[in-house]
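For reference, the structure is listed below as structure tokens.
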2 protein chains.
Amino acid sequence: MKKASILYVEDEISLASIVKDTLQGQGFLVHWYPHGQDILTQIETHHIDLVILDVMLPKQNGFELAEKISLVHPDLPFLFTSAKNQSSDVIQGLKLGAKDYLKKPFNLEELLLRINNIISLNQPLQAIQNKSIAIGQYIFNAFDQTLIFADTVRNLTHLETEIISHLVKKINSDLIKKNMLLQIWGDDTQSNSRNLDVYINKIRDYLSQDSSIRIVTLRGKGYRFIVGPSE
Amino acid sequence: MKKASILYVEDEISLASIVKDTLQGQGFLVHWYPHGQDILTQIETHHIDLVILDVMLPKQNGFELAEKISLVHPDLPFLFTSAKNQSSDVIQGLKLGAKDYLKKPFNLEELLLRINNIISLNQPLQAIQNKSIAIGQYIFNAFDQTLIFADTVRNLTHLETEIISHLVKKINSDLIKKNMLLQIWGDDTQSNSRNLDVYINKIRDYLSQDSSIRIVTLRGKGYRFIVGPSE
DNA sequence: TGAACCTATTAACCTTTTTTAACTTTGAAA
DNA sequence: TTTCAAAGTTAAAAAAGGTTAATAGGTTCA
């Protein structure tokens, strides 16, 4: 399972360092910043699964930051930590769309549990390995590298399997092409991008016997893998 | 949208009554019980979307109850409310799989926000998926990327779809151009702004067959998408 | 070793979508 | 009424992706 990546904004250095170590100890990839400047750029360049924002930051406070972030990335989950412990503060935070609001001082174990709650909810499909899963009328098995349609078994290559796995993981939601390239080839060069195009073309062909399956192109962004009644 | 159904176990009658009224006022269907007996039967007979458990209950406490429930219904989300406010209690509750743990006394608005967080997270996709919506005499489907007028299906591009989605979301109210640019392109440069102008022009054309639909320009601000008799 | 085979990558050419550019119109402020 | 920025309109340019085929790279096995 891939490490979840957390963006953490906290200006208290001693606290930040403890939290960072704890999260890293649990296998998270942590990007820590003492202030909110250039946060949007950071989100663009790194793949981020969760944002943790302190509310009282120098200059731009956590609430303002959250608003900016969710404007551009409405599906990126975030939570607040804060010494502002009034009910009204908590409510303001939650209203902004925060998945949680932890009052300071918080217990580290509680933080971890709450993070796991958010992240696990956000990626419901996990262990695809060694399990056959249905894609419309097809049956896909990443371990066997097979795609079955009505008694016909098609043996897939490694990359075909890899790409279908990515599609399946993000079924009915958006796949960012750049992320796919990074995860599959390790870099997102122009030529890898063309390569992926070729594979998508091939996979579209493989899956063409069930018309309820579609790989929609989000030009300039990626793809959306749609499986379901299309009426 | 269907009413979400909540199972609520709380032995303090006066509190329970207030919470119940509040939840019902928000459109939830509430099943309240002062103790945990026969809860599993209740879950079998009614469809339940969320369980709220007080921790300190007579006989069987909330933790025990939660264990029993999640054994049989591992995907049914639950949260605790409790006057047991020790960190260790919270952690114990979360470890059992609770989606949240509210310390008493809690603010009712906070409760509502946290409930909404849990319930909306639990049904993230269906809502968007494959839902056609009427725009005057047109039918728009963001998922299929189609716009239908009297048997004629127009396939939309990704950006066209994106922009119409934004219009629809703010139907009959103001759309701030800057926000649209940020959400769609990630920045609000001059050239993206001209680009949006081009798309608005195109979409006005697409929607021109129903004269009750208008995209009014709010010069220097954005647009207002008006659908309805044009008094 | 090298021929047959399979997979991945690159290339070439085409189509569609998005962006940019250029020119026109509009509307608010001076 | 003049002026200028914002938005409308149209067309051309540029970029992304679709498609198909050729090439490269590596295994396997005689």
Side-chain angles (χ1 to χ4, degrees), chain A residues 142 144-147 153-167 174-208 211 213-226, chain B residues 142 144-147 153-167 174-208 211 213-226:
Chain A
D144 293 348
Q145 306 203 154
T146 54
L147 186 66
V153 178
R154 182 193 295 276
N155 289 308
L156 301 167
T157 71
H158 171 61
L159 273 184
E160 285 165 359
T161 307
E162 189 90 341
I163 290 160
I164 296 177
S165 293
H166 274 82
L167 292 172
D174 295 2
L175 267 142
I176 310 302
K177 190 170 185 176
K178 196 175 156 189
N179 290 347
M180 286 182 78
L181 294 172
L182 285 172
Q183 287 172 42
I184 296 173
W185 281 276
D187 52 26
D188 64 332
T189 60
Q190 173 66 12
S191 89
N192 285 337
S193 177
R194 303 302 284 114
N195 204 174
L196 178 56
D197 294 340
V198 173
Y199 275 100
I200 290 290
N201 182 251
K202 208 176 282 186
I203 289 166
R204 277 188 174 129
D205 180 41
Y206 292 175
L207 293 172
S208 63
S211 66
I213 302 172
R214 283 168 299 156
I215 300 176
V216 173
T217 303
L218 310 174
R219 179 172 262 250
K221 242 190 174 178
Y223 298 95
R224 184 178 297 150
F225 187 50
I226 302 177
Chain B
D144 289 350
Q145 308 201 150
T146 55
L147 186 66
V153 178
R154 182 193 294 277
N155 288 307
L156 301 167
T157 72
H158 171 58
L159 274 183
E160 286 164 359
T161 307
E162 191 92 336
I163 290 160
I164 296 177
S165 293
H166 275 82
L167 293 171
D174 295 3
L175 266 145
I176 310 302
K177 191 171 185 178
K178 195 177 158 188
N179 289 349
M180 286 183 78
L181 293 172
L182 283 171
Q183 288 173 46
I184 296 172
W185 282 275
D187 52 26
D188 64 331
T189 61
Q190 173 67 11
S191 89
N192 285 337
S193 175
R194 304 301 285 116
N195 203 175
L196 179 58
D197 293 340
V198 173
Y199 275 101
I200 289 289
N201 182 251
K202 206 176 283 186
I203 289 165
R204 277 188 174 127
D205 179 41
Y206 292 174
L207 293 172
S208 62
S211 65
I213 301 172
R214 283 168 301 151
I215 300 176
V216 174
T217 303
L218 308 174
R219 178 170 262 254
K221 236 189 172 183
Y223 299 95
R224 185 175 297 149
F225 187 50
I226 301 177

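Reckoned from all heavy atoms, side chains included, excluding hydrogens, waters and symmetry mates. Lettering of chains follows the sequences in order, A, B, ..., and the numbering in each one begins at 1.
Note that CG of Leu175(A) is 11.5 Å distant from OG1 of Thr217(A), once rounded to the nearest 0.5 Å. In this structure, the separation between CG on Leu181(A) and OG1 on Thr189(A) is 7.5 Å, given to the nearest 0.5 Å. Rounding to the nearest 0.5 Å places CD1 of Ile184(A) at 4.5 Å from CD1 of Ile163(A). Taking CG of Leu156(A) as the reference point, atom CG of Leu147(A) lies at 5.5 Å (rounded to 0.5 Å). Gln145(B) CD to Ile164(B) CD1: the interatomic distance, rounded to the nearest 0.5 Å, is 10.0 Å.
In the helix from dT1(C)-dA30(D) to dA30(C)-dT1(D), the end axes, each obtained as the rotation axis mapping the C1' atoms of four pairs onto the next four within a five-pair block, lie 40° apart to the nearest 10 degrees.
Within 4.0 Å of Lys202(B), counting heavy atoms only, lies at least one base atom of the nucleic acid.
In this structure, the CG atom of Asp197(B) is 5 Å from the C1' atom of dA7(D), given to the nearest Å. Between the CG atom of Asn195(B) and the P atom of dA14(D) there is a distance of 16 Å, rounded to whole Å. Look at CG on Asn192(A): it is 16 Å from C1' on dA16(D), rounded to the nearest Å. Atom-to-atom, OH of Tyr199(B) to P of dG8(D) comes out at 16 Å; the value is rounded to the nearest Å. With rounding to whole Å, Lys178(B) atom NZ is found 13 Å from dA6(D) atom P. Atoms CZ (Arg204(B)) and P (dT9(D)) sit 7 Å apart, rounded to a whole Å. In this structure, Ile200(B) atom CD1 and dA6(D) atom C1' are separated by 14 Å, rounded to whole Å. We find that CZ of Arg194(B) is positioned 14 Å from C1' of dA11(D), with the value rounded to whole Å.
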Which protein N or O atoms sit under 3.5 Å from an N or O of nucleotides 20-24 of chain D?
none

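Under the 4.0 Å criterion applied to side-chain N and carboxylate O atoms, Lys202(A) and Asp205(A) are not assigned as salt-bridge partners.
Taking the side chain as every heavy atom from C-beta outward, Asp188(A) and Asn192(A) never approach each other to under 4.5 Å. Annotation: side chain of Tyr199(A) is not in contact with side chain of Glu162(A) (no heavy-atom distance under 4.5 Å). Under the 4.5 Å side-chain criterion, counting only non-hydrogen atoms from C-beta, Leu207(A) is in contact with Phe225(A). At least one side-chain heavy atom of Asp144(B) sits less than 4.5 Å from a side-chain heavy atom of Arg214(A).
Phosphate proximity of dG18(D) to Thr217(A): present, with a side-chain N or O under 4.0 Å from OP1 or OP2. Residue Lys177(A) places none of its side-chain N or O atoms closer than 4.0 Å to OP1 or OP2 of dA16(D).
Nucleotides of DNA chain C that come within less than 4.0 Å of any heavy atom of chain A span, from the 5' end to the 3' end, dT7(C) to dT18(C).
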Worked check of side-chain contact (heavy atoms from CB on, under 4.5 Å) between Thr157(B) and Arg219(A): CA-CA 8 Å; Thr157(B) 72; Arg219(A) 179 172 262 250; over 6 Å; no

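In plain terms, the two heavy atoms of Leu196(B) and Lys177(B) that are nearest each other are CD2-CG, 3.9 Å.
A donor-acceptor contact under 3.5 Å is not formed by the side chain of Arg219(A) with the base of dG18(D).
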